[in-house]
*Asks:* 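Handing you this structure, nothing more for now.
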Number of protein chains: 2
Amino acid sequence: MSEMHLKDALDTLKTTGVRITPQRHAILEYLIETMTHPTADEIYKALEGKFPNMSVATVYNNLRVFRESGLVKELTYGDAASRFDFITNDHYHMICESCGKIVDFHYPGLNEVEQFASHVTGYKVHSHRLEVYGTCQECIENVGKQVL
Amino acid sequence: MSEMHLKDALDTLKTTGVRITPQRHAILEYLIETMTHPTADEIYKALEGKFPNMSVATVYNNLRVFRESGLVKELTYGDAASRFDFITNDHYHMICESCGKIVDFHYPGLNEVEQFASHVTGYKVHSHRLEVYGTCQECIENVGKQVL
DNA sequence: ACACTATTTATAACTATTATAAATTAAGAA
DNA sequence: TTCTTAATTTATAATAGTTATAAATAGTGT
């Protein structure tokens, strides 16, 4: 079924007139099959084997293309590197403030908030972003050697 | 009443054993009185008049101190510079994707989401972050000369 | 297979942020 | 008030993530 996602994604690109290069194929594939939310550099390193000559710029360029095509979401964290997330259906992120691990969770109705916010501010709403911060089980157990 | 905030903030710092320097005073004051959500550089430039010799590092250092004291929240946006927000009470941000303007809005109950997320993921929850993206009235009227 | 244009690569530049070390200063003690 | 000391500021350099550029390469429709 992740193959289905890949197929859909490639179709989306083709429809938008974006060329399918081996690099793009590989980046998309990697984004879909890894359940993590990799940084550009992690993607770069992961594909180093297949594409020894690939430039970091290529990764960044394509992540931007994917973002503009609505295939990928970019998650930013201040000075740290952005993380990229293949968009499947609506989900949110739970982030461990100790080790940085990100897991997804689904939650139904946040449309009310959008409507409310739109009403109060007069903005026309496109989307929203919700993130929950906490400590994961593992880090709770490893108290004493906190990193962050 | 913004003077109240400043007083409270200074007290908080003093209690935590953080020295009150003129620079810190000025940065806090600026953060409180400007309703915008300035970047470190904007703060630096705004205080250039009063402190011609102040270093950018000082602004960054103190914003970190304030963040660690829980006085200030940092909002990150990928490659763009972080924006800093004096914490009053719980509010969220509505961000215009066209001009970048940020306005605050209040919304009551998102604690359910925290509880839900905690239950599903097993994380111990500390906080959350919600942002709504859209287009502000002004930019809706100025269609045709889109910036972003 | 060709031609045309998008894309990749390699490199350098840019910008936000942080580290460092020397000079300065806030704040409590004498 | 003056002294003392550790925290803070300043100036500078370094780091890291990301983007711009231009030449080389390669998809895609014909």
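Proteins come first, then strands; the chains are lettered A, B, ... in the order of their sequence lines, and each starts at number 1. When reading the values below, keep in mind they use all heavy atoms of this one structure, side chains included, and skip hydrogens, waters and symmetry mates. Quantities reported herein were computed from a predicted structural model and do not represent experimental measurements.
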*Asks:* Suppose we screen for salt bridge (Lys or Arg N to Asp or Glu O under 4.0 Å). Which residues come up paired with B:R67, at least two apart in sequence or across chains?
*Replies:*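 By the salt bridge (Lys or Arg N to Asp or Glu O under 4.0 Å) rule, B:R67 matches B:E74.
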*Asks:* Is B:V18 reachable from B:L31 through a run of hydrophobic residues whose side-chain heavy atoms are each under 4.5 Å from the next?
*Replies:*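 Looking at the clustering, B:V18 is in the same group as B:L31.
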*Asks:* If you compare every side-chain N and O of A:R24 against the phosphate oxygens of C:dT8 (OP1, OP2), does one of them come in below 4.0 Å?
*Replies:*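 Answer yes for this pair, as a side-chain N or O of A:R24 is under 4.0 Å from OP1 or OP2.
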*Asks:* If the condition is side chain to side chain donor-acceptor pair (under 3.5 Å), which residues does B:K73 pass it with, not counting sequence neighbours?
*Replies:*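 Partners of B:K73 under the side chain to side chain donor-acceptor pair (under 3.5 Å) test: none.
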*Asks:* For nucleotides 24-26 of chain C, tabulate all protein N/O to nucleotide N/O atom pairs closer than 3.5 Å, reporting atom names and distance.
*Replies:*
from   : atom 1 : to    : atom 2 : distance (Å)
C:dA26 : N3     : B:R19 : NH1    : 3.3

*Asks:* Tell me, please, which residues at least two apart from B:H91 pass side-chain contact (heavy atoms from CB on, under 4.5 Å).
*Replies:*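 side-chain contact (heavy atoms from CB on, under 4.5 Å) check on B:H91 returns B:D85, B:T88, B:H93, B:D104, B:H106.
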*Asks:* By nearest nucleotide on DNA chain C, pick out whichever of A:N53 and B:F84 is the more 5' one.
*Replies:*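 Nearest nucleotide further toward 5': that of A:N53.
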*Asks:* Nearest whole angstrom, please: distance from the P of C:dA16 to the CG of B:L75.
*Replies:*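 These atoms are roughly 16 Å apart.
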*Asks:* Could you pull out all residues at least two apart from A:R24 that satisfy salt bridge (Lys or Arg N to Asp or Glu O under 4.0 Å)?
*Replies:*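 In terms of salt bridge (Lys or Arg N to Asp or Glu O under 4.0 Å), with neighbours along the sequence ignored, A:R24 is linked to no residue.
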*Asks:* What do the steps show when you test A:L10 against A:L28 for side-chain contact (heavy atoms from CB on, under 4.5 Å), and what is the final call?
*Replies:* CA-CA 9 Å; A:L10 293 174; A:L28 269 181; 4.1 Å; yes
*Asks:* Side chain to side chain donor-acceptor pair (under 3.5 Å) with B:N61: which residues, sequence neighbours excluded?
*Replies:*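 Side chain to side chain donor-acceptor pair (under 3.5 Å) check on B:N61 returns B:R64.
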*Asks:* Go through it in stages, so that I can follow the logic: the residues are B:Y123 and A:V103, the test is side-chain contact (heavy atoms from CB on, under 4.5 Å), and I'd like the CA-CA distance, side-chain angles, deciding distance and then a yes or no.
*Replies:* CA-CA 10 Å; B:Y123 279 47; A:V103 301; 3.8 Å; yes
*Asks:* Measure the acute angle between the ring planes of A:H5 and A:F86, then classify it against the limits of 30° and 60° as parallel, tilted or perpendicular.
*Replies:*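 Tilted: the ring planes of A:H5 and A:F86 meet at 30° to 60°.
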*Asks:* List in numerical order all residues of residues 9-17 of chain A for which some heavy atom is under 4.0 Å away from an atom belonging to DNA chain C.
*Replies:*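 The answer is none.
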*Asks:* Check nucleotides 21-25 of chain D against the protein and report each pair of N or O atoms closer than 3.5 Å, with its distance, or say if there are none.
*Replies:*
none

*Asks:* Please state whether the phosphate of D:dT19, meaning OP1 or OP2, lies under 4.0 angstrom from any side-chain nitrogen or oxygen of A:Y60.
*Replies:*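 False: A:Y60 side-chain N/O out of range (4.0 Å or more) of D:dT19 OP1/OP2.
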*Asks:* Measure from the side-chain heavy atoms of B:N62 and tell me the nearest of C:dA16, D:dT9, D:dA11.
*Replies:*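 Given the options C:dA16, D:dT9, D:dA11, the side chain of B:N62 is closest to D:dT9.
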*Asks:* Return the angle between end axes of the helix from C:dA1-D:dT30 to C:dA30-D:dT1, with five pairs used per end and rounding to 10°.
*Replies:*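 Answer for the end axes of this duplex: 40°.
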*Asks:* Which residue pairs pass the ring pair (Phe, Tyr, Trp, His ring centres under 6.0 Å) test with at least one member in residues 46-76 of chain B, sequence neighbours excluded?
*Replies:*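 Found none.
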*Asks:* With sugar-phosphate meaning primed atoms plus P, OP1 and OP2, does A:V56 contact a base, only sugar-phosphate, or nothing at under 4.0 Å between heavy atoms?
*Replies:*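 A:V56: no heavy atom of the nucleic acid under 4.0 Å.
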*Asks:* Looking only at side-chain atoms of A:M54, point me to the closest of D:dT8, D:dG17, C:dT9.
*Replies:*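 Of the candidates, C:dT9 comes closest.
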*Asks:* Would you mind reading off the distance between A:R64 atom CZ and C:dT7 atom P, rounded to a whole angstrom?
*Replies:*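 It is 11 Å, rounded to the nearest whole Å.
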*Asks:* Below the 4.0 Å mark, does C:dT9 have OP1 or OP2 next to a side-chain nitrogen or oxygen of A:T58?
*Replies:*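 For C:dT9, OP1 or OP2 has a side-chain N or O of A:T58 closer than 4.0 Å.
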*Asks:* Does a sphere of radius 6.0 Å around NE2 in A:H119 hold more than 12 heavy atoms from other residues, nucleotides or ligands, not counting ones at 6.0 Å or beyond?
*Replies:*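 Count not over threshold, so no.
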*Asks:* Is there a donor-acceptor pair under 3.5 Å between the side chain of A:T15 and the backbone N or O of A:D11?
*Replies:*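 It does hold such a pair.
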*Asks:* What is the distance, to the nearest angstrom, from the CZ atom on B:R67 to the P atom on C:dT18?
*Replies:*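 For the pair B:R67 CZ and C:dT18 P, the rounded distance is 7 Å.
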*Asks:* For DNA chain D, what residues of residues 36-49 of chain A have any heavy atom nearer than 4.0 Å?
*Replies:*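 Per residue number, the list is empty: none.
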*Asks:* Report all side-chain donor-acceptor pairs from residues 38-46 of chain A shorter than 3.5 Å, counting only partners two or more places apart or in another chain.
*Replies:*
from  : atom 1 : to    : atom 2 : distance (Å)
A:T39 : OG1    : A:E42 : N      : 3.1
A:D41 : OD2    : A:K45 : NZ     : 2.5
A:E42 : OE1    : A:T39 : N      : 3.1

*Asks:* Donor-acceptor check, side chain of B:T58 to backbone of B:M54, threshold 3.5 angstrom: yes or no?
*Replies:*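 Side chain of B:T58 to backbone of B:M54, a donor-acceptor pair under 3.5 Å: no, none is there.
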*Asks:* Strictly under 6.0 Å, is that where the ring centroids of B:Y92 and B:H128 end up?
*Replies:*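 Aromatic pair counts; centres sit under 6.0 Å.
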*Asks:* Before you tell me yes or no, could you show the steps for A:E131 and A:L75 under side-chain contact (heavy atoms from CB on, under 4.5 Å), namely the whole-Å CA-CA distance, both residues' side-chain angles and the distance that decides it to 0.1 Å?
*Replies:* CA-CA 10 Å; A:E131 278 157 11; A:L75 313 165; 4.0 Å; yes
